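Here the structure comes first, spelled out in structure tokens, and everything after it is commentary.
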Amino acid sequence: MHTADVVVLGAGAAGLMCAIEAGRRGRRAVVLDHADRIGKKILISGGGRCNFTNVNARAENFLSANPHFAKSALARFTPADIIALVEKHGIPYHEKTLGQLFCDHSAQQIVTMLERECRDAGVRILSATTIHSVTNSGAAARFLVETTAGTFRTNSVVVATGGLSIPKMGATDLGYRIASQFGLNIIPCRPALVPLLFNNEDSQRWCDLTGVSTEVIAATDGKHPTRFREKMLITHRGLSGPAILQASSYWQPGGTVELDLAPGSEIIAPLLARNARRDPASALNALRAALPTRMAERWLALTPPADWTNASLTRFECDLHAWHIPPAGTEGYAKAEVTAGGVDTGELDAKTMESRRVPGLHFIGEVVDVTGWLGGYNFQWAWASGASAGRAV
Ligand SMILES: Cc1cc2nc3c(=O)[nH]c(=O)nc-3n(C[C@H](O)[C@H](O)[C@H](O)COP(=O)(O)OP(=O)(O)OC[C@H]3O[C@@H](n4cnc5c(N)ncnc54)[C@H](O)[C@@H]3O)c2cc1C
């Protein structure tokens with residue numbers, strides 16, 4: 001039988017940050033992970049360069065049934081805090097776009113940084129360890145954690161096992177199962193930041209243009225707080241690229257995605273001039289100002305102005321700024337960057353991430369119903385929720 005002040009389940013961004021904060025306070029922290037190496041998602045993140053934060057991270061950049069829940073943790077551990085840690089370790093980084101900070105060299109540097117901080121804080125990390133069960137101990141300590149490395153007796157369990165995305169990297173539903181076992185509510189999970197699939201008709205219309213990319217404004221119908229002006233990419237099965245991934249987090253099955261294919265420009269205006277030629281060649285020429293040639297040709301072929309009157313040209317312009325796509329679905333957890341939904345924030349204390357029903361049981365990171373936009377927000381949530389719990393356990 002081992003004893004620890006805190007047992008953290010999952011050695012990802014959130015779990016490691018939590019253990020570091022707890023260890024610095026003199027708490028005996030143990031981190032358990034079934035994977036053979038820690039921080040696997042950090043290693044593949046940001047194309048191998050880890051977009052470790054976004055300098056503009058605010059609660060508005062997250063989806064959650066309670067949009068205010070993330071505020072407290074985000075204020076407790078800010079982008080400046082993770083930047084200070086990255087700088088302390090001499091890791092060079094740069095701002096790519098829209099406040100997104102990436103390592104200049106490799107995501108491995110972030111994992112090494114966390115490992116060193118764990119070592120300095122006296123944190124024990126046990127990888128390749130299967131977690132069999134977490135139960136109330138009923139004795140002096142609150143919980144027993146049964147694992148292939150033995151049984152741990154502890155007063156605090158922090159669940160940091162992440163979401164369901166990329167199962168082949170070791171994602172499991174353990175965190176949700178533990179939450180259910182202890183009677184906590186779970187907001188239904190769904191893949192987010194995920195490519196969308198065309199329906200059959202749109203597949204036939206567009207999929208031969210795989211690889212074509214253009215800037216759009218993407219929005220979903222329903223309650224959508226914002227629109228995303230970024231790149232869109234046609235794939236062999238549907239649409240991807242940052243604009244689509246962002247919109248996918250808000251898309252609900254049965255809903256549509258609306259794309260403005262010519263953000264901020266009026267394409268047809270020149271054709272409306274008194275002596276302008278009104279024919280496919282001049283329309284194509286105008287469209288090329290906004291779209292790659294192949295896409296411009298296809299758009300014109302599929303939605304030609306009915307006659308070349310002012311009314312039909314105006315309609316053509318409107319359609320270009322509001323292409324409604326009813327996706328058939330998403331690429332699923334195999335391709336999703338994150339999982340939306342998760343442990344209901346109504347169950348948790350926003351300062352400590354501790355369960356209101358089960359003292360000593362905390363949930364942090366992606367397993368919680370807080371899902372960030374694309375662009376470093378999800379790691380900022382992992383750091384912030386991890387640090388908040390680590391200061392409380
Ligand atoms: C391809 C890709 C790229 C990404 N790029 C970025 C980016 O650049 N910026 C950004 O902000 N976000 C990015 N994300 C999202 C980000 O990686 C996650 O939101 C973040 O890692 C969540 O941290 P976490 O600690 O909660 O969970 P995770 O990092 O998923 O860690 C969970 C840990 O728990 C372990 N675990 C799971 N189940 C069990 C079990 N049954 N027993 C024991 N251990 C278990 C796992 O092995 C893992 O180590 C990316 C995601 C993907 C998939």
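Counting convention: from 1, in listed order, for ligands and their atoms alike. None of these values were measured; they are calculated from a predicted model.
Geometrically, ligand 1 and Ile364 share no nitrogen or oxygen pair separated by less than 3.5 Å.
Cluster annotation: Ile131 is not connected to Leu144 through the hydrophobic network of ILVMFWY side chains, with a link wherever side-chain heavy atoms come within less than 4.5 Å. Under the 4.5 Å side-chain heavy-atom criterion for Ile, Leu, Val, Met, Phe, Trp and Tyr, Val338 and Phe228 are members of distinct hydrophobic clusters. Linking ILVMFWY side-chain heavy atoms closer than 4.5 Å, directly or via other members, places Leu374 and Val370 in two distinct hydrophobic clusters.
Remark: minimum distance from atom 21 (O) of ligand 1 to any protein heavy atom is reached at Phe379 CE2, 3.4 Å. The protein atom (non-hydrogen) at minimum distance from atom 31 (O) of ligand 1 is Gly12 CA, 3.4 Å. Of the protein's heavy atoms, Ala382 CB, 4.0 Å lies nearest to atom 23 (O) of ligand 1. At the shortest separation from atom 6 (C) of ligand 1 among protein heavy atoms lies Ser45 CB, 3.6 Å. Nearest protein heavy-atom neighbour of atom 26 (O) of ligand 1: Glu366 N, 2.9 Å. Among all non-hydrogen protein atoms, the one lying nearest atom 50 (C) of ligand 1 is Glu337 OE1, 3.6 Å. At the shortest separation from atom 27 (O) of ligand 1 among protein heavy atoms lies Gly162 CA, 3.4 Å. His34 N, 3.2 Å is the protein heavy atom nearest to atom 43 (C) of ligand 1.
Considering each of Thr172, Leu164, Asp33, the one bringing a non-hydrogen atom nearest atom 33 (C) of ligand 1 is Asp33. Within the set Arg49, Gln380, Lys41, the minimum heavy-atom distance to atom 30 (O) of ligand 1 is found for Lys41. When the options Gly10, Ala160, Ala14 are ranked by their closest heavy atom to atom 32 (C) of ligand 1, first place goes to Ala160. One option in Thr161, Val370, Ile166 has a heavy atom closer to atom 37 (C) of ligand 1 than any other, and that option is Thr161.
Contact annotation for Ile131 and ligand 1: only side-chain heavy atoms (C-beta onward) come within less than 4.0 Å of the ligand. Contact annotation for Trp381 and ligand 1: no heavy atom of the residue comes within less than 4.0 Å of the ligand.
Considering all non-hydrogen atoms of both residues, Ala269 and Glu266 come closest at CB-OE1, 3.6 Å. Among all heavy-atom pairs drawn from Arg391 and Arg76, the shortest one is NH1-O, 3.1 Å.
Between Trp373 and Tyr377, the ring planes lie perpendicular to each other; the angle is over 60°, past the 30° to 60° tilted range. Note: Phe102 and His94 have parallel aromatic rings, judged against thresholds of 30 and 60 degrees for the angle between ring planes.
When each of Ile186, Ile187, Asn185 is checked for a side chain to side chain contact (heavy atoms under 4.5 Å, CB included) with Asp369, only Ile187 meets the rule.
Applying the 4.0 Å criterion to heavy atoms of Asn378 picks out, from ligand 1, the atoms 11 (O), 12 (N), 19 (O). Counting atoms of ligand 1 from 1 in the listed order, those under 4.0 Å from a heavy atom of Ala35 are 47 (O). Using a 4.0 Å cut-off to heavy atoms of Ile44, the atoms of ligand 1 that qualify are 1 (C). Interface of Gly365 with ligand 1, defined as ligand atoms under 4.0 Å from a residue heavy atom, comprises 26 (O). Atoms of ligand 1 lying under 4.0 Å from any heavy atom of Val338, numbered from 1 in the order shown and given with element: 15 (C), 19 (O). The Gly170 neighbourhood of ligand 1 comprises atoms 37 (C), 38 (N), with distances under 4.0 Å to a heavy atom of that residue. Of all atoms in ligand 1, listed by their number and element, those nearer than 4.0 Å to a heavy atom of Tyr377 are 11 (O). Of all atoms in ligand 1, listed by their number and element, those nearer than 4.0 Å to a heavy atom of Asn51 are 7 (C), 8 (O), 9 (N), 10 (C), 11 (O).
Asn54 places a side-chain N or O within 3.5 Å of a backbone atom of Leu98 that can act as its donor or acceptor partner. Thr147 contributes a side-chain N or O that, together with a main-chain N or O of Gly150, makes up a donor-acceptor pair within less than 3.5 Å. Here the side chain of Thr53 pairs no donor or acceptor atom with the backbone of Gly376 at under 3.5 angstrom.
Between Ala171 and ligand 1 there is no heavy-atom distance shorter than 4.0 Å. By the 4.0 Å heavy-atom criterion, Gly376 is counted among the residues contacting ligand 1.
Within 6.0 Å of CZ on Arg37 lie no more than 12 heavy atoms contributed by other residues, nucleotides or ligands. The number of heavy-atom neighbours closer than 6.0 Å to CZ of Arg153, taken from other residues, nucleotides and ligands shown, is 12 or below.
Under a 4.0 Å N-O distance rule, the pair Asp349/Lys351 does not qualify as a salt bridge. At a threshold of 4.0 Å, the pair Glu21-Arg24 counts as salt-bridged, since one of the basic side-chain nitrogens sits closer than that to a carboxylate oxygen.
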